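As the structure is a computational prediction, the values presented were derived from the model and not from experiment.
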Amino acid sequence: MSKIVALPAITGAQQSAIAARFRDAGWSVRGTSRTGAAGPAEATHRADLDTGEGLEAAFAGADVAVLTLPQDHRPGAVARIAATVARAAGASGLRRLVLNIAGTLDEDAASGLSADLREARQAVREGAAPFVVLQPTVFMDNLLAPWSLPAIVEQGVLAYPAPEAAPISWLSHRSLADYVFAAATAPDVAGQEFRIGGPEALTGLDVCARLSERLGRSIRYERIPLEGFAAGIDQAFGPPAGQRIASLYARLESEPSAMATDLATSDRLGVAPETFAAFVARQSWGR
């Protein structure tokens, strides 16, 4: 009988990659959504992450659960969701709950997104289920998004809000899924937290060099002003999402290496994360 992983709020690119990784390892994937609509899972249950309604039923008989924190910028929302999932995980007797914070925390921020994410992490730490927390950096897959890809392939411009000299350990969704699977299954990691990223800390200029080699044309880096970046995020998700997400990149002004990670993490989890060159090589880039 195959093992079962439960993925609350299964819709989304990160969750799809995680579901595929568990499925490739022979696990059954069980998801939840507000409507119970089908997603990348064998079965999708109706569950409300705010109230917890339906979560214990969705977790019943599962071995582990993986919560990828959603883009929810309502006051206290992500902490409330994490607490609800942690309670259901404990009540259901799950062997492990993996929390994918889906971003890098600023441990010193007094308020804003990082403060909310810290509250979510604390809710999982205080739950009854054994847990592992993952803090990923920046995703390579962001470059394939509609707000990035056209400028790269049509204008030869990589537009991004990070300072061009800031070293970032870019991470692919595929490698994120490898880390999540390891966090869910590796012995002797329960109760731990890992900052995860790719195997190289690359500046914007480094990224452009790899893109230029793959596309056979010069790609230049252009930093998006944080005000404009925030406005674009607000247009997509509504305020105050823009200011909150922009704050993560603003941190790089004073701490340029805040999104660079130590390869010791991948060694401890037994993961060989994908290089940026390998990620670039397997994309079509609009061709």
Side-chain angles (χ1 to χ4, degrees), residues 4-12 14-15 18-19 30-34 45-60 62-137 176-177 179-186 188-196 237 240-241 243-245 247-248 251 265 269:
I4 300 172
V5 58
L7 301 181
I10 195 169
T11 57
Q14 294 179 54
Q15 295 90 324
I18 292 166
R30 182 187 297 167
T32 80
S33 71
R34 285 186 180 275
H45 292 242
R46 184 192 301 272
D48 189 317
L49 300 192
D50 273 322
T51 66
E53 181 181 359
L55 268 180
E56 287 189 35
F59 288 172
D63 297 276
V64 302
V66 178
L67 172 62
T68 295
L69 286 180
Q71 285 286 342
D72 193 330
H73 296 280
R74 295 172 298 158
V78 291
R80 185 167 58 251
I81 288 169
T84 299
V85 171
R87 283 194 298 271
S92 303
L94 296 184
R95 290 193 295 104
R96 193 167 296 173
L97 171 61
V98 179
L99 174 63
N100 168 25
I101 289 178
T104 299
L105 289 178
D106 181 350
E107 299 289 356
D108 297 321
S111 60
L113 180 56
S114 283
D116 285 356
L117 296 178
R118 291 200 308 268
E119 289 185 21
R121 176 181 64 187
Q122 188 61 26
V124 167
R125 286 174 171 173
E126 293 174 352
F131 67 88
V132 177
V133 177
L134 299 178
Q135 276 194 55
T137 55
L176 167 68
Y179 277 118
V180 168
F181 184 79
T185 59
D188 305 322
V189 296
Q192 297 185 45
E193 180 169 355
F194 300 93
R195 294 182 68 242
I196 59 173
F237 297 104
Q243 182 276 328
R244 286 161 61 85
I245 295 174
S247 69
L248 303 180
R251 180 186 177 196
T265 294
L269 286 172

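To the nearest 0.5 angstrom, H73 atom NE2 is 9.5 Å from D116 atom CG. One finds the CG atom of N100 at 7.0 Å from the CG atom of L69 (value rounded to the nearest 0.5 Å). Remark: F131 CZ to R121 CZ distance equals 9.5 Å, nearest 0.5 Å. Expressed to the nearest 0.5 Å, how far CD1 of I196 lies from OG1 of T137 amounts to 7.5 Å. Summarising the geometry, atom CZ belonging to R244 is positioned 7.5 Å from atom CG belonging to L117; distances are rounded to the nearest 0.5 Å. Taking CG from L134 and CZ from R195, the interatomic distance works out to 12.0 Å, rounded to the nearest 0.5 Å.
Closest non-hydrogen pair, R118 versus D108, comes out as NH1-N, 4.3 Å. The minimum heavy-atom distance between A120 and L99, with the atom names listed, is O-CD2, 4.2 Å. The two atoms that bring L67 and P8 nearest to each other are CD1-CB, 4.2 Å, heavy atoms only. Nearest heavy-atom pair, T68 versus Q14, reported as atom, atom and distance to 0.1 Å: CG2-OE1, 3.8 Å. Contact detail for R30 and I4: the closest heavy-atom pair is NH2-CD1, 3.4 Å. Closest of all the heavy-atom pairs between A110 and A115 is O-CB, 4.0 Å.
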Compile the donor-acceptor pairs under 3.5 Å between side chains in residues 51-60 and protein atoms, sequence neighbours left out, one pair per line.
| residue | atom | partner | partner atom | Å |
| --- | --- | --- | --- | --- |
| T51 | OG1 | E53 | N | 3.2 |

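With hydrogens and angles ignored, the 3.5 Å screen pairs a side-chain donor or acceptor of Q15 with a backbone N or O of A9. With hydrogens and angles ignored, the 3.5 Å screen pairs no side-chain donor or acceptor of Q135 with any backbone N or O of E193. Put simply, the side chain of R96 never gets that close to the backbone of V189: no donor and acceptor are under 3.5 Å apart.
A heavy-atom distance below 4.5 Å is found between the side chains of Q122 and R125. Between L49 and T32 there is a side-chain heavy-atom pair separated by less than 4.5 Å. In this structure, the side chains of V5 and V66 come closer than 4.5 Å at one or more pairs of heavy atoms.
The existence of a salt bridge linking R74 and D50 is confirmed by a sub-4.0 Å separation between a basic side-chain nitrogen and an acidic carboxylate oxygen.
Taking R251 as the reference, E255 meet the side chain to side chain donor-acceptor pair (under 3.5 Å) condition, with sequence neighbours excluded.
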